[in-house]
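Residues take their numbers from the sequence shown, with the count starting at 1. For ligands, and for the atoms within them, numbers begin at 1 and follow the listed sequence.
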Amino acid sequence: MIQVNLPNIQQFMPLPYEAALAPRLHIAHNHLQKGDGAGGEFTGWVRLPENYDRAEFDRIKLAARRIQQNSEALVVIGIGGSYLGARGVIECLCSPNYNLKKKETPNIYFVGNGLDSRAMEEVMELLEGVDFSVNVISKSGTTTEPAVAFRFFRKLLEDRYGREEAARRIYATTDRQRGALKNLADEAGYETFVVPDDIGGRYSVLTAVGLLPIAVAGVDIDELMAGAASMMEVCGKDDMGANPAWQYAGARYELYRTGKKIELLASFAPCFRFMAEWWKQLYGESEGKENKGLFPASVEFTADLHSMGQYIQQGERHLFETVVRFAPDEHELVVPRDEKDGDGLNFLAGRSMDFIRQQAMDGTLLAHVEGGVPNIMLCLGSNCAFTMGEMIYFFEYACGLSGYLLDVNPFDQPGVEAYKKNMFALLGKPGYEELHRELAEKLH
Ligand code: PA5
């Protein structure tokens, strides 16, 4: 269960807002439930936890087992919604140091999420003498970054194993029918998984997009889906008091309306970094349009208290914090006693790290609220696959509601096309000749 604690926003609100906002949340909620709002054709994720394709789910588990058996590494090629969720879940549940750990499961390398030659070469070097497979993920099947990376890694596989075995080691997650990747996969006989038509990239982590890499890392994907299903029930409630997604979406909308333009997602767990990256894409791409939308940023405490803490405490007052808090771990390190106490830390001897972190959290919260930063606290269960499923669904649902409260389409991303068009033109892609001339003139 997720609890949304809001006492530390009240003093920043001119008036109680819940009653006024409830009718608008009710409308937004109905749009999501019925799929009849803007972008309603992309609300397949709303009921996904109950009606996902069971046969494909079983194939994902089989493929994951095969990869675990025949590969020491899996290369995941994808960008944006086609990799952030998987990376976030794996880092959160298995550690940001997953690849360095002793384990039974393959290393996982994420590539194709940029255009840096060095980064790609480095992964190629790491694969020398290592059996590996590739999961190439692109809904459109035409995105430049993953397409270019796939060329390199396909060649590496083919040179290493020959075409036939390479084809057995490539798993393509893409559109059911369309796109260059789908055609390539059909022609070469790669095993394919589907990104459903009615689910956009940033809402796709609970489809094969996220599930295959997550399963390869050894995470229990049944538990992940069970967590999402349980949150789907909760978020289906047409009631502010019982629906945490309503509470979160309502509070952040009201803060935005009263002048807070930046939402800082903060966590005290370093493993959360890539979940925060996933969250930034989800909210930034869903809300940031028509000159509207909170700017989603993230900080990692306590590390960033020593870098961003000054600004948060005393900089421009246009931000609020949303703090994600997991329930304490069962096995906590306890500070040892030191007879000499040269560092003067014996006052903490016998205290668990969680106790110390809790005091840091409370101290930070009080200081930031005092400094004029409203605080939303999201209390989650322990850091496990079930909780992760709950959290993913919760953030997705609240994001859909937030888009509708803002009166934008939360499921399109027209702005992403602008850079792509220019890049294609500058690269000389056929069909972009006129724009190429126009841009070349501007640049020189
Ligand atoms: O949310 C989105 O739609 C985007 O971030 C996409 O996930 C990203 O651009 C990658 O697209 P594709 O999966 O088509 O390669």
Query raised in the report: Angle class for the Y248/Y283 ring planes (parallel below 30°, perpendicular above 60°, tilted otherwise)?
Result: perpendicular
Requested in this report: Name the orientation class of the two ring planes belonging to F193 and Y171 (parallel below 30°, tilted from 30 to 60°, perpendicular beyond 60°).
Outcome: parallel
Query raised in the report: Sub-3.5 Å donor-acceptor pair from the side chain of Q247 to the main-chain atoms of G241, do we have one?
Result: yes
Query raised in the report: Does a side chain donor of either T322 or R252 reach within less than 3.5 Å of an acceptor in the other side chain?
Result: no
Check: every ligand 1 N/O to protein N/O pair under 3.5 Å:
unit_1, atom_1, unit_2, atom_2, d
ligand 1, 1 (O), R202, N, 3.0
ligand 1, 1 (O), Q281, NE2, 3.1
ligand 1, 1 (O), E285, OE1, 2.9
ligand 1, 5 (O), G81, N, 3.4
ligand 1, 5 (O), Q281, NE2, 2.4
ligand 1, 5 (O), E285, OE1, 3.3
ligand 1, 7 (O), G81, N, 3.0
ligand 1, 13 (O), S82, OG, 2.7
ligand 1, 13 (O), K139, N, 2.8
ligand 1, 14 (O), K139, N, 3.4
ligand 1, 14 (O), S140, N, 2.8
ligand 1, 14 (O), S140, OG, 2.7
ligand 1, 14 (O), T143, OG1, 3.4
ligand 1, 15 (O), S138, OG, 2.6
ligand 1, 15 (O), T143, OG1, 2.5

Query - Between K420 and T144: side-chain donor-acceptor atoms closer than 3.5 Å - result: no
Requested in this report: Evaluate the side chain to side chain donor-acceptor pair (under 3.5 Å) criterion for residues Y17 and R257: first the C-alpha distance (whole Å), next the side-chain angles of each, then the deciding distance (0.1 Å), finally the verdict.
Outcome: CA-CA 11 Å; Y17 64 92; R257 227 180 46 80; over 6 Å; no
